Student: 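Dropping the structure in here first, questions after.
Just so you know, these numbers come straight off a predicted model, no measurement behind them. Chain naming here is simple, since letters A, B, ... match the order of the sequence lines and numbering starts at 1 in each.
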Amino acid sequence: MSENGNGGGGLLQLTAKDFKSDQEVRWCPGCGDYAILASVQSFMPELGIPREKIVFVSGIGCSSRFPYYMQTYGMHSIHGRAPAIATGLSTSRPDLSVWVVTGDGDAMSIGGNHLIHALRRNVNLKILLFNNEIYGLTKGQYSPTSPVGKVGKSTPMGSIDRPFLPLSLALGAEATFVARSIDTDRKHLTEVLRTAAQHRGTALVEIYQNCNIYNDNAFDFVRDDKANRIYLEHGKPVRFGADGEKGVVIAEDGAAHVVDVATVGEAALHVHDAHADEPNHAFALSRLSYGAHGGTPIGVFRDIDRPSYDELLTEQLATAVARKGAGDLDALLGSVDTWDV
Amino acid sequence: MSENGNGGGGLLQLTAKDFKSDQEVRWCPGCGDYAILASVQSFMPELGIPREKIVFVSGIGCSSRFPYYMQTYGMHSIHGRAPAIATGLSTSRPDLSVWVVTGDGDAMSIGGNHLIHALRRNVNLKILLFNNEIYGLTKGQYSPTSPVGKVGKSTPMGSIDRPFLPLSLALGAEATFVARSIDTDRKHLTEVLRTAAQHRGTALVEIYQNCNIYNDNAFDFVRDDKANRIYLEHGKPVRFGADGEKGVVIAEDGAAHVVDVATVGEAALHVHDAHADEPNHAFALSRLSYGAHGGTPIGVFRDIDRPSYDELLTEQLATAVARKGAGDLDALLGSVDTWDV
Amino acid sequence: MTKTVEQLDRVIIRFAGDSGDGMQLTGDRFTSETAVFGNDISTLPDFPAEIRAPAGSLPGVSGFQVHFADHDILTPGDYPDVLVAMNPAALKTNINDLPKGRTLIVNTDAFVQRNLDKAGYATNPLEDGSLADFQVHAVQITTMTIESVKGIEGITPREAERAKNMFALGLMCWLYGRPVQGTIDFINDKFSKRPEIAAGNIAAFKAGYAFGETSESFSVSYEIKPAKLRPGKYRQINGNSALVYGLVAASIKSGLPLFLGAYPITPASSILEELANFKNFGVRTFQAEDEIAAVGSALGAAFGGALGVTVSAGPGIVLKQEMIGLAIQLELPLVILDIQRAGPSTGMPTKPEQTDLFNVMYGRNGESPIPVIAASTPGQCFYAAIEAARIALTYRTPVFLLSDAYLANGAEPWLIPSMADIPEIPVEFTTKPNRDDGSFWPYLRDEVTLARPWAIPGTPGLEHRIGGIEKANGTGNISYDPDNHDLMTRLRAQKVAGIAGGIPELEVDSCDGARTLVLGWGSTYGPIGAAIKRVRADGLAVDQAHLHYLNPFPRNLGEVLRRYDKVLVPEMNLGQLLQLVRSQFLVDAVGYNRVRGVPFKASELADAITALVNA
Amino acid sequence: MTKTVEQLDRVIIRFAGDSGDGMQLTGDRFTSETAVFGNDISTLPDFPAEIRAPAGSLPGVSGFQVHFADHDILTPGDYPDVLVAMNPAALKTNINDLPKGRTLIVNTDAFVQRNLDKAGYATNPLEDGSLADFQVHAVQITTMTIESVKGIEGITPREAERAKNMFALGLMCWLYGRPVQGTIDFINDKFSKRPEIAAGNIAAFKAGYAFGETSESFSVSYEIKPAKLRPGKYRQINGNSALVYGLVAASIKSGLPLFLGAYPITPASSILEELANFKNFGVRTFQAEDEIAAVGSALGAAFGGALGVTVSAGPGIVLKQEMIGLAIQLELPLVILDIQRAGPSTGMPTKPEQTDLFNVMYGRNGESPIPVIAASTPGQCFYAAIEAARIALTYRTPVFLLSDAYLANGAEPWLIPSMADIPEIPVEFTTKPNRDDGSFWPYLRDEVTLARPWAIPGTPGLEHRIGGIEKANGTGNISYDPDNHDLMTRLRAQKVAGIAGGIPELEVDSCDGARTLVLGWGSTYGPIGAAIKRVRADGLAVDQAHLHYLNPFPRNLGEVLRRYDKVLVPEMNLGQLLQLVRSQFLVDAVGYNRVRGVPFKASELADAITALVNA
Ligand SMILES: Cc1ncc(C[n+]2csc(CCOP(=O)(O)OP(=O)(O)O)c2C)c(N)n1
Ligand SMILES: Cc1ncc(C[n+]2csc(CCOP(=O)(O)OP(=O)(O)O)c2C)c(N)n1
Ligand code: SF4
Ligand code: SF4
Ligand SMILES: [Mg+2]
Ligand SMILES: [Mg+2]
């Protein structure tokens with residue numbers, strides 16, 4: 001995989017195996033996390049970044065065990081706070097490639113605030129959100145992404161609260177990069193990871209992940225029924241279905257709707273623009289899978305260029321030195337009214 | 001004001017004065033909070049709800065002193081947590097009218113997570129967010145709504161992080177009601193409060209509020225320059241300007257843009273639909289004032305009907321009683337394997 | 001083959017297998033049958049924090065120990081008499097606890113090379129002689145399970161194999177003469193939607209039983225007579241369920257609706273989950289976005305007149321503390337359950353510890369006194385919950401109730417209380433002005449309890465505002481007056497200290513001539529009691545006292561402590577109660593402290609006590 | 001008119017006025033001139049939590065007390081010699097502190113009916129004889145200020161009136177013979193963008209000075225000779241600035257870039273604000289979304305090899321504790337500054353207290369030991385910050401540094417240190433495998449300090465993972481092994497306890513025959529010292545010791561305590577250090593505890609000491 005040229009990969013002859021740590025993987029047999037781990041490990045060499053420059057930071061949850069399995073630097077932190085910790089690391093060490101791994105409970109429940117603030121700041125982080133629509137590690141309570149009516153351990157009569165759509169929330173939070181992929185679609189996931197890695201600032205990647213113990217089959221509508229996958233491609237009309245017979249239009253109400261291409265004609269279809277300045281169309285697309293469990297867009301919804309937080313801060317530091325000279329504490333301490341005794 | 005018929009106001013002959021507590025108001029002279037307080041106090045009688053059924057809950061900040069001045073039940077709680085506290089109150093006491101008062105720091109910085117969760121749950125709360133784009137009480141640090149480049153006490157070289165647009169964030173968080181008004185526009189603010197009060201579930205009202213000490217004139221572009229106020233009215237084309245010469249269209253990119261009515265013709269203008277199922281147009285409008293500091297929509301962006309959290313919970317309680325009968329603990333304790341000694 | 005039946009007075013069995021092997025269920029069922037049979041019981045489930053670590057791995061081992069007897073027992077037992085090991089990893093992690101000469105039952109089918117490797121066995125322990133010191137029963141459990149299930153339609157091979165825990169259960173039921181009908185009913189109920197699975201499990205269960213009856217490997221079976229407990233109707237209970245029932249009872253007895261705000265966390269989650277089934281009792285449960293919102297919502301509900309409750313474990317309790325500080329300022333009732341687990345930080349989430357005492361006492365800014373009580377046994381959790389609610393409601397204060405992972409999951413027989421016997425918790429909301437001039441002061445205190453009035457929204461004429469800023473005693477208005485702040489600081493402290501007046505004195509289980517006292521709190525009640533029995537049986541005179549109230553202490557604690565030459569305070573921490581009593585009473589008490597994430601063994605405590613007495 | 005000049009050895013002045021009257025600025029300027037003049041000084045700013053409460057109201061009063069002398073002084077003084085009251089509310093809230101016979105200067109222009117009403121005066125105190133016991137100087141400050149400014153173009157009447165604090169300052173400068181040029185320069189600088197405002201303020205300042213010289217009301221002016229401090233170059237400093245400089249010094253001396261994650265909160269915000277100006281020192285400041293993110297970001301930066309720092313006050317510290325627990329598990333260096341304020345909950349945000357000691361020691365789940373040090377004076381904050389960083393970096397542990405609202409804002413003369421004299425803080429990152437087999441174990445400890453290696457991202461070959469779950473000593477792999485957990489719990493405790501080996505023994509300021517020791521910590525250093533001086537002057541033999549290290553204690557503390565018959569521990573809390581020393585050393589120390597949100601007065605402490613000695 002290391003033949004890819006991004007970031008000087010030519011020099012480093014790493015393989016997926018180099019990114020496997022010596023720790024035994026402790027997920028349930030059949031868990032979607034395995035597939036994601038394999039994809040990430042095999043994608044890593046492409047980055048062309050030496051392992052020691054890569055850091056994985058996670059919170060708490062099944063998904064958050066991820067860093068233990070990566071032969072990079074890593075921190076398995078506390079519930080919901082990985083983006084905050086990673087922000088400090090990324091901001092003080094712009095030379096590192098910092099990745100956050102989180103779950104739907106970790107990122108959207110307890111950690112919601114840190115997530116949206118990282119997004120608006122555009123901190124140089126790649127956030128992988130393993131969305132299984134359930135709390136795995138604590139054994140099956142509904143999460144903020146579970147659909148209404150979810151019967152879980154804490155909701156015997158069904159949940160009554162409307163879930164978040166992680167990507168809609170992210171776009172409302174001024175995200176510069178949002179994408180979605182599926183645990184088992186290795187090719188697609190790798191492609192999305194590649195784009196995320198190249199993004200300047202915060203990239204949020206939602207990954208539909210099957211928890212076969214507490215929420216099996218939650219994503220079958222798109223995981224099993226591939227005809228429901230709407231692969232978003234920049235500059236292309238949005239089509240899907242077994243034979244591309246379906247498409248997506250942005251309708252009068254500003255919302256994305258699924259249509260028959262035969263009926264409306266290809267020209268009427270929405271042409272995806274991942275780099276659009278305004279997030280409105282990405283927002284419309286992010287809402288398409290709502291409840292319907294039919295056609296569901298995956299891919300990069302939005303990817304725009306804005307300076308990252310650490311770049312701007314580093315710039316301010318340089319400007320300060322240029323303006324005031326490198327700091328001299330002796331001089332500074334004496335720069336106010338002083339007197340001699 | 002109590003002649004208004006909403007909610008049985010005819011019976012209660014309360015006036016604004018009845019809603020003034022005996023506590024001396026302790027804001028800086030000239031603070032926008034005074035105007036909001038006056039508007040709220042004079043609006044309250046309209047609700048037709050007896051004072052004892054009304055509760056104001058706040059966090060910490062200048063704005064959060066609000067409950068002390070209202071002759072209702074009230075709690076001045078801790079920083080950022082008012083929505084969480086109010087959620088417990090509203091959920092356990094559906095008979096009350098629960099209002100949250102919060103600031104941009106309180107609601108968007110430390111309290112961001114509680115805010116977005118209240119919104120998605122559609123808890124029966126009316127949230128008044130006093131946005132002065134600064135931390136008032138702690139004396140002038142920039143806030144998550146301050147524009148990029150804000151020079152504040154903690155950002156001597158200017159802030160480098162992109163602010164939230166509170167209404168965009170709320171719409172990304174599945175809000176059922178979002179609105180905006182201005183501290184000094186009493187008529188408009190009252191109108192918005194009226195609509196919010198009638199809404200089922202969470203209503204978020206952003207109020208531009210001038211902090212004349214630490215961020216004076218932040219909203220002059222729309223507070224002073226009334227021609228910049230875009231009054232959103234349901235079912236009407238969106239027009240503004242001194243003589244209605246300007247308007248708003250939703251363009252090809254899905255974004256809202258300001259246009260000359262003379263050029264495009266009235267028919268091209270966006271017709272505001274506050275009750276649209278899909279939030280896309282509201283989202284587009286919520287982004288219109290960004291940085292531009294020109295035409296800025298105020299009014300009700302979105303107001304859709306969805307059951308509130310407490311209604312659904314109360315319903316589950318009733319269903320449980322219907323199914324299992326009213327709880328009998330003696331019976332329940334003995335309903336498992338037992339034995340006699 | 002005729003088999004003999006031997007009488008035993010008590011037995012300790014440990015089931016151990018892979019996380020996927022259903023050991024917790026097996027243990028639960030065995031315990032249920034044993035309880036219904038009338039033995040006294042005590043159990044210790046022990047499972048990993050991972051949902052299901054890799055099959056066959058050492059970290060994936062899940063265990064369940066049950067101790068049952070014909071007399072009153074206090075702990076799940078130090079060392080097993082029988083170890084059932086379903087795979088090599090289970091053998092490896094548990095064999096060191098099995099005393100020489102005791103019984104080992106192994107599922108030989110699992111001792112294949114792959115599993116031996118995973119467990120780190122260089123050679124097969126079943127063959128290399130390393131188990132020579134034990135009475136080994138090598139049983140082809142998997143094979144026989146699959147065999148037993150043959151012919152039942154619709155069962156997959158995987159499903160057939162998974163019934164092997166029922167085979168083991170059947171075997172153990174035969175071995176100890178347990179009744180079987182309860183398990184058959186249970187299986188039918190559990191798999192009511194898939195009768196073929198039910199049939200398979202029952203077949204495996206019966207096969208295990210039959211294997212015991214017929215196999216030459218087992219020549220003796222055992223009988224353990226029912227225990228003579230206090231007469232009455234019994235059931236089994238674990239600590240978390242008991243807390244749930246206690247909270248519901250407190251809601252009924254106070255007449256206040258129960259509101260629980262919680263965020264899932266091991267080992268506290270089941271309290272939220274179980275209470276969610278009490279909707280027909282008017283119980284509202286709210287799964288919040290985090291622990292801060294959880295306690296916040298409970299406090300909001302309390303402001304509205306509900307019995308507000310929140311529950312968590314260490315990391316979550318820490319997050320709640322700022323809000324609890326607000327509750328202290330607001331002087332509103334609130335019950336906070338802390339199901340302690342091993343720390344610091346994430347620590348060992350499924351393991352018990354007593355390390356949160358300092359945290360609940362002191363983990364807030366400012367002088368913020370709070371009552372703290374602790375439960376001592378699974379069944380006692382029920383009464384502790386009621387008592388926590390009583391204190392909270394009577395004194396208008398947040399209250400901490402400490403339990404731990406051991407009590408949470410451990411089970412014991414429980415004399416079922418009757419609601420009629422539980423005292424009412426009288427709560428009066430203030431509905432009228434409390435001053436002669438017709439005004440209402442929210443901080444005008446009750447002279448006895450120092451509690452402030454609780455006037456809830458909806459009460460006409462008593463509209464008022466409260467908040468976290470210091471307030472004038474009486475009016476409740478914001479006040480920065482130095483003397484008022486000193487006064488309020490002391491009043492809050494006195495109010496909590498005054499609770500001592502309304503709680504029982506500390507009772508001492510004493511014996512003639514004892515010069516040494518063992519003082520405990522929380523879940524060490526069982527092990528300490530068992531240790532005391534042992535050392536007394538050895539002829540030592542040692543007294544025992546157990547604290548259920550940690551703040552304030554029972555009013556006679558100082559006097560009790562000063563009666564002894566030596567005081568030993570065993571704790572599953574580095575000496576937290578110890579510090580409190582040393583500081584408050586200046587007695588040179590010493591600690592026995594182990595922070596291993598497992599309950600004390602009676603034997604280690606007996607050794608420690610003996611050593612101190614003889615020192 | 002000729003005026004006499006009298007010599008004084010010390011004076012205490014209190015400026016009091018409306019929040020909008022600029023009293024803090026006035027006090028600051030007076031202090032600066034006084035410091036530059038060479039007196040020893042100590043100040044106590046005292047302002048409301050509201051930004052600007054309603055003009056003229058009692059809660060809106062802002063005060064500033066400055067004590068200056070020709071000798072070494074320790075506190076801002078118990079009671080003022082001179083009170084400057086700019087309005088009736090200021091008079092009302094401060095007059096009770098003014099001893100009979102002392103000087104009162106009032107701005108008569110403000111004593112109009114409206115203001116008298118707001119202050120709750122039924123009659124005008126200037127006229128009703130109630131001030132007869134004081135030497136009252138009734139001055140038309142506003143009128144004369146406006147007069148003085150006349151003729152300066154571009155000043156609004158409102159702006160003219162607002163210069164009245166400069167008039168008052170000018171008058172006081174004359175009265176105590178203070179230099180004036182510094183203030184003139186200061187005004188010119190501050191209003192450099194609006195020269196007319198500068199001119200107006202200078203005119204008012206000079207008018208005040210001139211008024212003193214000419215008015216018959218003042219017949220005497222005073223001279224206070226410079227103090228004989230240790231020779232060297234001095235400046236004024238307050239505690240928060242000193243902490244900032246100390247942190248920057250630690251960054252320089254350790255060679256690590258400084259990263260501060262913080263969220264604004266009174267009285268800690270200025271540390272974030274000041275450090276934000278150190279960008280040319282490579283300092284990165286990050287205003288986080290909340291305190292959890294603030295400490296989290298600092299910990300993330302520490303993982304990356306920075307000197308990670310976070311700062312807050314009570315409520316924010318509580319929120320940080322879960323993350324600090326993680327830092328303890330990770331064994332990474334981190335400095336946490338707690339600028340204590342009055343609690344519980346929001347409490348009284350601008351007022352000092354010492355009530356967070358328990359919170360920082362114990363406010364986390366699990367056994368989570370952490371070093372705690374405390375600063376004693378504004379200037380000492382500089383050294384305390386360096387020491388906190390040294391401990392954190394040397395032992396790879398989070399460290400708490402306690403200051404408080406009094407130290408934060410209070411000022412004193414400060415002998416400016418030279419960077420060259422400050423010892424290096426040697427930090428070595430691990431760059432090579434630390435095991436013979438070429439592997440790297442992140443929890444292989446230094447034998448002396450027990451610190452684990454710090455191998456930062458970017459170091460090839462040392463890739464490793466750390467986390468909050470318990471880990472095996474050495475390898476750092478996840479471990480649920482009971483004995484390992486007990487070991488790690490003890491190792492973490494020992495590591496912190498071992499810091500005692502590297503810190504100085506406690507020094508006692510002793511006098512002949514003393515049988516009583518006064519033991520303090522934190523900002524009570526000044527008042528205790530002043531009280532000791534007094535009681536010794538009264539002939540009592542009393543020793544003093546002051547703790548800068550609260551965890552671990554200096555290794556000789558027990559030995560010191562046991563030397564005395566009586567030990568008094570004065571604290572601005574209900575007895576937190578007291579509990580620690582009683583428990584640890586079983587000495588019957590007693591507390592002097594007041595929780596009033598104001599620093600102790602030397603006189604009250606002198607009384608308490610005397611009472612104890614004579615008891
Ligand atoms: C402060 C705190 N609260 C609660 C928990 C318990 N907890 C651990 S993981 C988790 C949720 C896990 O869900 P998710 O993030 O979706 O991860 P998954 O296990 O599904 O991958 C919770 C509630 C905790 N560890 N810490
Ligand atoms: C836990 C906690 N952190 C920080 C603070 C300090 N604090 C009080 S108000 C405030 C921000 C106020 O800003 P905003 O919410 O915008 O209200 P405003 O004063 O502008 O109305 C902060 C940081 C606090 N009281 N509690
Ligand atoms: S519980 Fe679910 S998410 Fe967790 S490891 Fe098992 S299958 Fe995966
Ligand atoms: S600081 Fe600003 S927001 Fe606060 S009271 Fe003053 S003017 Fe209003
Ligand atoms: Mg999940
Ligand atoms: Mg604000």
Side-chain angles (χ1 to χ4, degrees), chain A residues 80 108-117 119-123 144 148 155-165 167-176 250-256 273 276-284 286-287 306-307 309 311-313 315-317 319-320 323, chain B residues 80 108-117 119-123 144 148 155-165 167-176 250-256 273 276-284 286-287 306-307 309 311-313 315-317 319-320 323:
Chain A
M108 307 298 294
S109 195
I110 192 169
N113 206 31
H114 308 303
L115 179 71
I116 59 180
H117 279 271
L119 290 167
R120 79 171 175 86
R121 290 192 188 108
N122 204 32
V123 181
V148 173
T155 46
M157 299 179 73
S159 63
I160 57 178
D161 31 347
R162 176 89 157 199
F164 285 130
L165 284 171
L167 301 191
S168 297
L169 182 69
L171 290 166
E174 314 300 329
T176 54
I250 304 285
E252 269 300 287
D253 61 357
D273 179 3
D277 251 17
E278 293 292 335
N280 298 287
H281 286 158
F283 188 71
S286 77
R287 312 190 64 71
R306 230 170 63 195
Y309 192 85
E311 288 174 41
L312 294 170
L313 184 57
E315 210 175 286
Q316 287 198 338
L317 263 56
T319 309
R323 278 196 206 145
Chain B
M108 308 298 295
S109 196
I110 191 169
N113 206 31
H114 308 302
L115 179 72
I116 59 179
H117 279 271
L119 289 167
R120 78 172 175 88
R121 291 192 187 108
N122 205 31
V123 181
V148 173
T155 46
M157 298 178 75
S159 62
I160 57 177
D161 29 347
R162 176 89 157 200
F164 284 132
L165 284 170
L167 302 190
S168 298
L169 181 69
L171 291 166
E174 313 301 327
T176 54
I250 303 285
E252 268 301 286
D253 61 357
D273 179 4
D277 252 17
E278 293 291 335
N280 298 287
H281 286 158
F283 188 72
S286 76
R287 312 189 64 71
R306 230 171 64 195
Y309 191 85
E311 289 173 41
L312 294 169
L313 185 57
E315 211 175 285
Q316 286 198 337
L317 262 57
T319 308
R323 279 196 205 145

Student: Where on A:Asn122 is there a heavy atom nearer than 4.5 Å to chain B: the side chain, the backbone, both, or neither?
Tutor: neither

Student: Using the test salt bridge (Lys or Arg N to Asp or Glu O under 4.0 Å), find all partners of B:Arg120 that sit at least two apart in sequence or belong to another chain.
Tutor: A:Asp161

Student: Identify the two heavy atoms, one from B:Pro163 and one from A:Glu174, that lie closest to each other, and give their separation to 0.1 Å.
Tutor: O-CG, 3.5 Å

Student: Non-hydrogen atoms of chain B under 4.5 Å away: do they reach the side chain of A:Leu313, the backbone, both or neither?
Tutor: both

Student: Using 30° and 60° as the class limits, which term best fits the ring planes of A:Phe283 and B:Phe283: parallel, tilted or perpendicular?
Tutor: parallel

Student: Which one of B:Gly158, B:Ala170, B:Pro307, B:Ala276 has the most heavy-atom pairs closer than 4.5 Å to chain A?
Tutor: B:Gly158

Student: For each of A:Leu171, A:Thr319, A:Ile116, tally heavy-atom pairs with chain B at distances under 4.5 Å, and name the one with the top tally.
Tutor: A:Ile116

Student: Just wondering, do A:Ile160 and B:Gln316 contact through their side chains at under 4.5 Å, heavy atoms?
Tutor: yes

Student: Pick from B:Glu278, B:Arg121, B:Arg306: which one has the most heavy-atom pairs with chain A under 4.5 Å?
Tutor: B:Arg306

Student: Who among A:Pro279, A:Ala284, A:Gly111, A:Pro156 has the most heavy-atom pairs with chain B under 4.5 Å?
Tutor: A:Pro279

Student: Ignoring hydrogens and angles, tell me if any N or O in the side chain of B:His117 forms a donor-acceptor pair with the backbone of A:Met108 under 3.5 Å.
Tutor: yes

Student: Heavy-atom distance under 4.5 Å between the side chains of A:Met157 and B:Arg323, does that happen here?
Tutor: yes

Student: Does any heavy atom of chain B fall under 4.5 Å from the side chain of A:Leu169, the backbone, both, or neither of them?
Tutor: both

Student: With a 4.5 angstrom heavy-atom cut-off, which part of B:Ile250 approaches chain A: side chain, backbone, both or neither?
Tutor: neither

Student: Please classify the contact of A:Glu311 with chain B as side chain, backbone, both or neither, using a heavy-atom distance under 4.5 Å.
Tutor: neither

Student: Salt bridge (Lys or Arg N to Asp or Glu O under 4.0 Å) with B:Glu315: which residues, sequence neighbours excluded?
Tutor: none

